[in-house]
Amino acid sequence: MSVVTRFAPSPTGFLHIGGARTALFNWLYARHCGGRFLLRIEDTDRARSTDEAKAAILDGLAWLGLDWDGDVVYQSERAAIHAAAAQALLDKGLAYRCYASPDELTAMREEARSAGRARLYDGRWRDRDPSEAPAGVDPVIRLKAPLEGETVIADAVQGEVRVANDQLDDMVLLRADGSPTYMLSVVVDDHDMGVTQIIRGDDHLTNSFRQTLLYRALGWESPKFAHIPLIHGPDGAKMSKRHGALGVEAYRDMGFLPEAVRNYLLRLGWSHGDEEVISTEQAIEWFDLDAIGRSPSRFDMAKLSNLNGHYIREAEDARLVEAVAPFLAALGVEAGAVCRARLEAGMAGLKERAKTLIELAESAAFYCRARPLPLSDKAASLLDGEAPAILAGCLGHLEAVGDWSAEPLEAAVRAFAAAGDLKLGKVAQPLRAALTGSNASPGIFEVMAVLGRDESLARIADHAG
RNA sequence: GACCCCAUCGUCUAGCCAGGUCCAGGACGUCACCCUUUCAAGGUGAAGACACGGGUUCAAAUCCCGUUGGGGUCACCA
């Protein structure tokens with residue numbers, strides 16, 4: 001049987017990092033198996049679902065490069081089908097109407113809690129005759145769950161997990177207003193969509209027992225489960241917005257490349273020996289459920305950054321010029337034609353030094369700024385003292401260079417330094433400050449070559465005295 | 001509180017299922033050195049872990065039990 005996986009987010013917020021990993025694992029597993037990866041939007045909570053959130057999720061998946069098969073399924077559109085399933089259960093005597101009031105439920109729950117019982121609903125309408133129904137009360141429909149025995153799920157990650165059925169009470173299938181609950185909707189949808197393998201967060205593990213009961217009542221074969229451990233914040237506690245529980249678009253805005261995020265997320269909870277840098281093609285070939293770890297992991301921005309630096313260095317220069325443009329714009333630098341040409345020429349030296357596109361933009365901006373260049377504090381101090389005189393002297397040597405490329409330029413500056421008995425750094429650092437406005441940059445001979453003769457000489461002259 | 005899950009360097013992890021080849025390997029981070037016109041990148045090296053306690057065994061990071069710690073779930077939310 002062909003594998004079918006799905007990602008089923010509820011559109012109540014952005015695609016956060018944990019959801020992104022869940023989607024990635026589902027996508028990888030489907031691609032690995034040559035199966036299908038489906039997308040279902042669980043928008044049955046009308047009050048909390050928004051179109052913005054839905055768009056954010058779709059955008060996030062697209063940015064990560066996770067494409068789904070077929071049309072997006074909207075759970076809200078299937079309410080009638082869900083209700084029909086509940087009705088079928090009712091007809092077969094596998095579900096029943098419950099007229100308990102909210103107050104009764106609260107009281108029951110409190111009593112069960114204080115008595116240390118797990119079953120919160122006591123099943124008071126389970127075997128009651130319908131004729132006893134109070135007038136004017138719309139009932140909910142509950143599943144008639146088994147009272148004894150145990151429910152076992154064979155989880156691909158967690159192994160065999162079992163729970164006694166007396167821990168599970170009769171869950172609500174249909175609300176008083178006739179709308180289906182999550183538990184019913186998920187089971188019916190997964191079944192109808194032909195899902196064979198559910199891969200989702202560990203927080204759903206206990207739901208699986210109830211869902212298994214539902215599958216059984218409906219007479220359907222249960223899909224396989226794989227509950228992946230959750231991602232925690234750096235402090236081991238739940239992810240908060242301060243450290244990682246952001247939407248994937250936040251990572252995009254922080255200057256991370258999608259392949260870096262993908263690679264990082266992949267290695268969080270999954271491994272293939274000592275492999276660290278894994279291409280998506282390789283991941284599809286290697287990915288399997290049995291290599292998913294069982295323990296939760298912590299989100300580590302430093303490792304993501306390191307990986308991002310790797311992928312930036314590996315990226316095509318032209319792509320980076322495109323990608324860095326919005327970040328330059330955020331710095332108030334417009335990437336015009338001259339700028340782009342310089343960036344492309346200088347990208348090899350630039351990308352070595354950046355861990356994010358923001359850093360790349362910051363270090364690339366000098367190529368695009370017009371004179372006079374803004375100077376950092378450190379650059380300003382490099383231009384103090386005897387620096388103007390040195391620059392003035394160097395300028396003469398530079399003007400004589402015919403072939404304006406890195407090697408002859410280096411030769412000229414070295415010759416100038418040697419003639420004046422100066423260490424190379426004595427000349428190079430002021431040059432760097434004058435050319436880039438900074439004390440840190442790509443090699444200055446490369447910078448001069450990229451900037452071109454006129455611009456380079458002008459920038460140096462600005463500070464020569 | 002009840003139920004369920006988890007437990008190797010600071011972090012991600014390999015090893016565990018099929019005990020010996022592990023005084024535990026890799027990566028990130030940290031530190032040092034090298035390279036060097038700066039900053040990176042790169043290279044070399046260092047510090048750094050089997051949560052604890054019992055058992056089983058000739059032998060345990062690996063199997064079993066307990067403890068402790070962490071996490072998850074307990075809605076007419078999803």
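Order of the sequence lines sets the chain letters (A, B, ...), proteins ahead of strands, with each chain counted from 1.
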Strand partner of B/rC35, provided both Watson-Crick or wobble distances fall under 3.5 Å: none
NA contact type, A/Ser179, heavy-atom cut-off 4.0 Å: base, sugar-phosphate, or nothing? nothing
Side-chain polar contacts of residues 405-412 of chain A - donor-acceptor pairs under 3.5 angstrom, sequence neighbours left out - could you list them?
unit_1	atom_1	unit_2	atom_2	d
A/Ser405	OG	A/Asp403	OD1	3.2
A/Ser405	OG	A/Asp403	OD2	3.1
A/Glu410	OE2	A/Arg414	NE	2.9
A/Glu410	OE2	A/Arg414	NH2	2.9

Can you give each donor-acceptor pair under 3.5 Å made by side-chain atoms of residues 289-303 of chain A, sequence neighbours left out, with the distance rounded to 0.1 Å?
unit_1	atom_1	unit_2	atom_2	d
A/Arg298	NH1	A/Pro234	O	3.2
A/Asp300	OD1	A/Ala302	N	3.1
A/Lys303	NZ	A/Glu276	OE1	3.4

Have a look at A/Ala100 and say if it touches a base, only the backbone sugar-phosphate, or nothing, with a 4.0 Å heavy-atom cut-off. base
Touch check for A/Ala302, heavy atoms < 4.0 angstrom, all strands: base, sugar-phosphate only, or nothing? sugar-phosphate
Base, sugar-phosphate, or nothing: which does A/Val140 touch, judged by heavy atoms less than 4.0 Å apart? base
Quick one: which protein N/O atoms are closer than 3.5 Å to N/O atoms of nucleotides 70-74 of chain B? Pair and distance per line, please.
unit_1	atom_1	unit_2	atom_2	d
B/rG71	O2'	A/His232	NE2	3.4
B/rU73	O4'	A/Thr206	OG1	3.4
B/rU73	O2'	A/Thr206	OG1	2.9

Can you give one letter per nucleotide of nucleotides 32-48 of chain B, 5' to 3': B if a protein heavy atom sits under 4.0 Å from the base, S if only from the sugar-phosphate, - if neither? -----BBBBSS------
Pairing partner (Watson-Crick or G-U wobble, both distances under 3.5 angstrom) of B/rA51: B/rU67
Heavy-atom check, side chain of A/Met347 versus side chain of A/Arg319, under 4.5 Å: no
Name of the residue among A/Arg210, A/Lys144, A/Arg126 meeting salt bridge (charged side-chain N to carboxylate O under 4.0 Å, His left out) with A/Asp170: A/Arg126
Interface with RNA chain B, restricted to residues 184-191 of chain A and to heavy atoms under 4.0 Å: none
Aromatic ring pairing A/Tyr29/A/Phe287, orientation class (parallel under 30°, perpendicular over 60°, tilted between): perpendicular
Residue pair A/Val186 / A/Arg40, side-chain heavy-atom distance below 4.5 Å: yes
Output all residues satisfying side-chain contact (heavy atoms from CB on, under 4.5 Å) with A/Ala164, sequence neighbours left out; order by chain, then residue number. A/Asp166, A/Gln167
Among residues 146-164 of chain A, which residues get a heavy atom nearer than 4.0 Å to RNA chain B? A/Gln158, A/Val161, A/Arg162, A/Val163
Between P of B/rU30 and CE of A/Met301, the distance in whole Å: 15 Å
Just to verify, what does A/Asp177 make a side-chain contact (heavy atoms from CB on, under 4.5 Å) with, not counting sequence neighbours? A/Arg175, A/Ser179
Name the pairs: protein N/O against N/O of nucleotides 17-25 of chain B, kept only if under 3.5 Å.
unit_1	atom_1	unit_2	atom_2	d
B/rG25	N2	A/Asp274	OD1	2.8

Separation of B/rC9 atom C1' from A/Asp300 atom CG, nearest Å, is 14 Å
Just to verify, what does A/Ala379 make a side-chain contact (heavy atoms from CB on, under 4.5 Å) with, not counting sequence neighbours? A/Leu375, A/Ser376, A/Ala433
Under the salt bridge (charged side-chain N to carboxylate O under 4.0 Å, His left out) test, residues paired with A/Arg142 that sit two or more places apart: none
Identify, with sequence neighbours excluded, every residue that meets side-chain contact (heavy atoms from CB on, under 4.5 Å) alongside A/Ala428. A/Ile444
Over all strands shown, is A/Arg294 touching base, sugar-phosphate only, or nothing at heavy-atom distances under 4.0 angstrom? sugar-phosphate
Just to be sure I understand the rule, does A/Glu42 reach a base, reach only the sugar-phosphate, or reach nothing, if contact means heavy atoms closer than 4.0 Å? sugar-phosphate
